[in-house]
Structure formats: structure tokens, C-alpha cells
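Data block below; observations after.
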Amino acid sequence: MLHTEYSLKSLNTFGLDVNAQSFARFSSLEELKALMLEGPSELPVFILGGGSNLLFTQDVSCFVLRNEIKGFEILTEDEEVVVIQAGAGEVWHEFVRYTVEKGWGGLENLSLIPGSVGASPMQNIGAYGVEIKDTFVSLSAYHLASGEVHTFNHEACKFGYRESVFKREKKGEYVILDVTFKLNKNPNFHVEYGAIKGELETMGVTELSVDAISQAVMRIRSSKLPDPKVLGNAGSFFKNPVISVEQFSSLVTSFPEIPNYPQDNGTVKLAAGWLIEQAGWKGKRVGNCGMHALQALVLVNYGGATGSELWQLSHAVMDDVKNKFGITLEREVNIY
Ligand code: FAD
Ligand code: NAP
């Protein structure tokens, strides 16, 4: 069903009250194709998943299409691995829990990330040392310009740190329809992130399992991250900066305690949350918005903030980090 001037307030996790000029939901490729014929062809198409990685700074002058394609399908299975395809409109965490309950390893560290399966390749979602690229096989996507369905294998997605081809050169060109993952029945566990080990200890876990790790991640996240249903947010607002060893060497002279994570390619990843905290923004509120008290990387809407207020706050934070550390933070959240 086509709607005009449709409120997206309940469909974005910042809770921003913006309208889509035109709006519809689809739950199959056929419905999507039909909407492309009936819908307002003069408007650009904007695909919406769970709205958890978006900042709307204005009304959306687009034909907004909410992807609600559901379903899981096991494509192949043997004693070692399971290849499973999920509809793009599935809720990511529900898909993760389905795989965890089966005992299949690979996605457990990515528990409780909001949003849809279809958006997961967009920024190669990651947490606690795991990214979807580690288990990703392929995806199929509808090409808006030609109406064809294309398959993207791992290489074609050009995954990077919170990046993919869909966030860069092919931005806005495709509607992801389904995503396929290869999961392991005898998994290698990733518990190297300190917080996970500590939480497993607190839980009294002596034997690792995908479910124990998933539960540990859920507990850590629930204790630290604001629930968007209570406090509007889109998770980490900025990416962690990755800098050269030379730049890091000069920075560490002035800030010997700076947390740093050397990367395989010789660069060094810094924790954006720490930089923001040191710049004085942790827990700081300006009007209706601010940087969260428990994780300074999360920009929050205390209620009633507009998208442009949130945008301005992000600008002020970036300015202060730049002045203190000489580092330009990059926004992770998609801005409209
Ligand atoms: P949306 O916000 O709806 O869309 C994001 C972008 O993807 C938009 O550009 C949209 O047009 C596009 N898009 C969405 N679906 C499709 C599709 N089917 N086809 C084509 N384009 C599409 N992210 C992490 O990586 N790691 C985390 O640990 C993490 N933690 C978070 C914690 C909280 C509390 C919150 C609020 C967010 C967190 N995020 C995290 C960010 C966010 O949850 C993810 O980026 C998620 O994948 C976004 O999914 P979504 O369906 O909400 O996408
Ligand atoms: P944290 O554990 O307090 O760590 C702070 C930062 O240091 C993280 O950003 C992380 O980088 C980095 N880090 C910590 N231990 C590391 C290690 N052993 N090796 C490499 N890097 C390490 O972070 P947090 O805020 O509680 O978040 C926990 C995890 O959830 C992180 O992976 C984070 O990315 C993810 N998360 C993402 C979002 C989002 O919206 N994108 C929101 C909430 C949480 P990385 O971020 O690169 O992992």
C-alpha cells in the first residue's frame, strides 16, 4: 500500500519525527517490482531496514521502501558446516539467536546488534572482534536502474572496516534481498575482547559454547548501551579512526595512555570513544541531545531533538577531537 507524507518516527532508532514523501513496505521481490511500477517514478528510492544506522536531518524527499522480506533457508549442510540464507527483512538479532540455538558458530559475537539482515553487509557490521565478512558467502540484490537481480560474492562486496561497496561506490543502487552465511558446527571461539572473558567468568562459564558467548555479549551490551526504545540513538556515531604508525608515534608522545590496537596492515586503530571522552564530551548534554555517559561514542536523543540538532552536536564533537588530537573523526551513521 502506498502512503504519502508518512511519518518515520517509529521507524528510526533516534526517534526523529520526519516524513517520507512516499512510503511502502514490501515482503517479496514480486512486491518490490510491482511497487517500482506503481510508485512515484519521479522520486529517488530509499531503502529502509530497522532504521538503526540513520540520522534524518530533514524530511525524506524519496520513495521510502521498507524491506520486510522474511525467511531462513538452509542451502547445504554437512557434519562441519551449514550454509544458510536469510531474508533481508529478518531482524538481525533474531537470526543470530536462531543460529546460536542450533549451536552453529560464527555470529554469536554479533548478538543484539539492532537492525535487519539486509543491512548487515552495508557496513560489514562488527563487534567484539568479529565482522560479518568472516562468515559471509554471498547476497542477492535488486538493481534499481535495470530491474535485474545480481549476486555479489565476498570479493564483490569489497568489505572493509564498517564499509562495503554498498556504502561507497554502489550507494543507493541496490536493494539487498537476502544474505547467505557459512556457519561452523565445530566453531573457533573469539573471546579475545577483554569484556567477553570477564563476563564469561562472572557468569561462571567453564566450558565455552556459542550460546554462552552470545549470552555474555547480550549481558555486556545491555549493561552499557542505551536501549533505543528508551533513549534514541544509532549506536556508535563515529568510526574508530585508523591512523599511520608515524602519526601514532607522535600522538603517543603527548598522550602516553592512549588506547591503541595495531592492525595487520601496519596501521593503528584508536578508540573514538576514548578520544571523545578526553575531549570532555562523555556524558555531556547540550539541549535535547548529548554523548552517552557510559559510552561516549554513542550520540543520544534525550527526547525532542531534531536531526539538525544531532548533526550540529556531532560537528562540535568532531571539532573538539580535531583540536585536541589532530584527528578527524568520520561519521559511521548514514546521514540523510
Ligand atoms: P538502516 O538503518 O535501516 O539502514 C542503514 C543503511 O543501509 C541505509 O543507507 C539504508 O538505505 C541501507 N539499507 C538498509 N537495508 C537495506 C537493504 N535491504 N538493501 C539496500 N540497502 C539497505 N553496528 C555495528 O556494526 N556493530 C554494532 O555493534 C552495532 N551496535 C549498535 C547498537 C545500537 C544500540 C544501535 C542503535 C546501533 C548499532 N549498530 C551497530 C548500528 C546498526 O545497528 C547496524 O549498522 C545495522 O546493520 C543497521 O541495520 P538497519 O536495518 O537498522 O539499517
Ligand atoms: P569496548 O569493548 O569498550 O572497546 C572500545 C574500542 O576499543 C572498541 O571500539 C574496539 O574497537 C576497541 N577494542 C577493544 N578491545 C579490542 C581488541 N582486543 N582488539 C581490537 N580492538 C579492540 O567497546 P564497546 O563500545 O563496549 O563496544 C563493544 C563492541 O561492540 C565493539 O566491537 C564495538 O565496535 C561494537 N559496537 C558497535 C556499535 C556500532 O554502532 N557500530 C555500537 C556498540 C558496540 P572495534 O569497535 O573496532 O571493535
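Both ligands and their constituent atoms are indexed starting at 1 by order of listing. Numbering of residues begins at 1 and proceeds along the displayed sequence.
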Polar contact flag, side-chain donor to acceptor under 3.5 angstrom, S214-E108: no

E192 N/O to ligand 2 N/O under 3.5 Å: no

Do NZ/NE/NH1/NH2 and the carboxylate oxygens of R66 and E68 come within less than 4.0 Å? yes

Going by heavy-atom distance to atom 5 (C) of ligand 2, choose the closest among S223, A234, G115, A271. A271

So which bit of K171 gets within less than 4.0 Å of ligand 1, heavy atoms only: side chain, backbone, both or neither? neither

Would you say ligand 1 has an N or O under 3.5 Å from any N or O of F46? no

Judging by distance only, is a nitrogen or oxygen of S116 under 3.5 angstrom from one on ligand 1? yes

N/O of G50 under 3.5 Å from N/O of ligand 1, yes or no? yes

Given L48, V333, N109, I47, which has its nearest heavy atom closest to atom 11 (O) of ligand 1? I47

R97/E101 salt bridge by N-O under 4.0 Å criterion: yes

CD (E5) with more than 12 external heavy atoms under 6.0 Å: yes

Are the aromatic ring centres of F181 and W92 under 6.0 angstrom apart? yes

In terms of atom number and element, which parts of ligand 2 are under 4.0 angstrom from non-hydrogen atoms of E332? 39 (C), 40 (O), 41 (N)

I need the contact type for N334 against ligand 1. Using non-hydrogen atoms and a strict under-4.0 Å cut-off, is it side chain, backbone, both or neither? side chain

With a 6.0 Å cut-off on the ring centroids, do F14 and F56 count as close? no

Taking distance alone, with no angle check, do P114 and ligand 1 share an N/O pair under 3.5 Å? yes

Quick check: does Q295 get an N/O under 3.5 Å from an N/O on ligand 2? yes

salt_bridge(K239, E330) N-O dist < 4.0 Å: yes

Atoms of ligand 1 less than 4.0 Å from G115 heavy atoms? 49 (O), 50 (P), 51 (O), 52 (O)

Would you list the pairs meeting side chain to side chain donor-acceptor pair (under 3.5 Å) in which at least one residue belongs to residues 266-289, sequence neighbours left out? N265-T267, W281-D320

Do V298 and I276 sit in one hydrophobic cluster, given that two such residues count as connected whenever their side-chain heavy atoms are within less than 4.5 Å of each other, even indirectly? no

Test T328 against K322 for side chain to side chain donor-acceptor pair (under 3.5 Å), laying out the working first. CA-CA 5 Å; T328 306; K322 176 80 179 170; 3.2 Å; yes

Neighbour count >12 (heavy atoms, 6.0 Å) for atom CG, N188: no

Where ligand 1 meets G126 - atom numbers and elements under 4.0 angstrom, heavy-atom basis: 24 (C), 25 (O), 26 (N), 27 (C), 28 (O)

Going by the 4.0 angstrom heavy-atom rule, the piece of Y174 near ligand 1 is backbone

Aromatic ring proximity F23/F63, centre distance under 6.0 Å: no

Does a salt bridge link E80 with K185, judged by any charged N lying under 4.0 Å from a carboxylate O? no

Around atom 29 (C) of ligand 1, find the nearest protein heavy atom and jot down its residue, atom name and distance. R221 NH2, 3.5 Å

Which atoms of ligand 1 sit under 4.0 Å from any heavy atom of A127? 28 (O)

For atom 3 (O) of ligand 1, which candidate among S120, S52, G49 holds the nearest heavy atom? G49

Within ligand 2, which atoms have a heavy atom of L225 less than 4.0 Å away? 43 (C)

Shortest heavy-atom approach to atom 30 (O) of ligand 2 - which of A127, G273, S52, A296: A127

Can you tell me which portion of I125 lies within the under-4.0 Å heavy-atom range of ligand 1? Options are side chain, backbone, both, or neither. both

Starting from atom 8 (C) of ligand 2, what is the nearest protein heavy atom, named by residue and atom, and what distance separates them? N240 ND2, 3.8 Å

Distance filter under 4.0 Å to A234 heavy atoms, resulting ligand 1 atoms: 35 (C), 36 (C), 37 (C)

Atom 26 (O) of ligand 2: protein heavy atom closer than 4.0 Å? yes

Atoms in ligand 1 flagged as close to N67, the criterion being non-hydrogen separation under 4.0 Å: 18 (N)

Side chain, backbone, both or neither: the part of N233 lying under 4.0 Å from ligand 1 by heavy atom: both

Determine, using ring centers only, whether Y142 and Y174 are less than 6.0 Å apart. no

Regarding K158 and E163, does a basic nitrogen lie under 4.0 Å from an acidic carboxylate oxygen? no

Return the closest protein heavy atom for atom 32 (O) of ligand 2 as residue, atom name and distance. Y128 N, 2.9 Å

Contact between K167 and ligand 1, counting heavy atoms under 4.0 Å? no

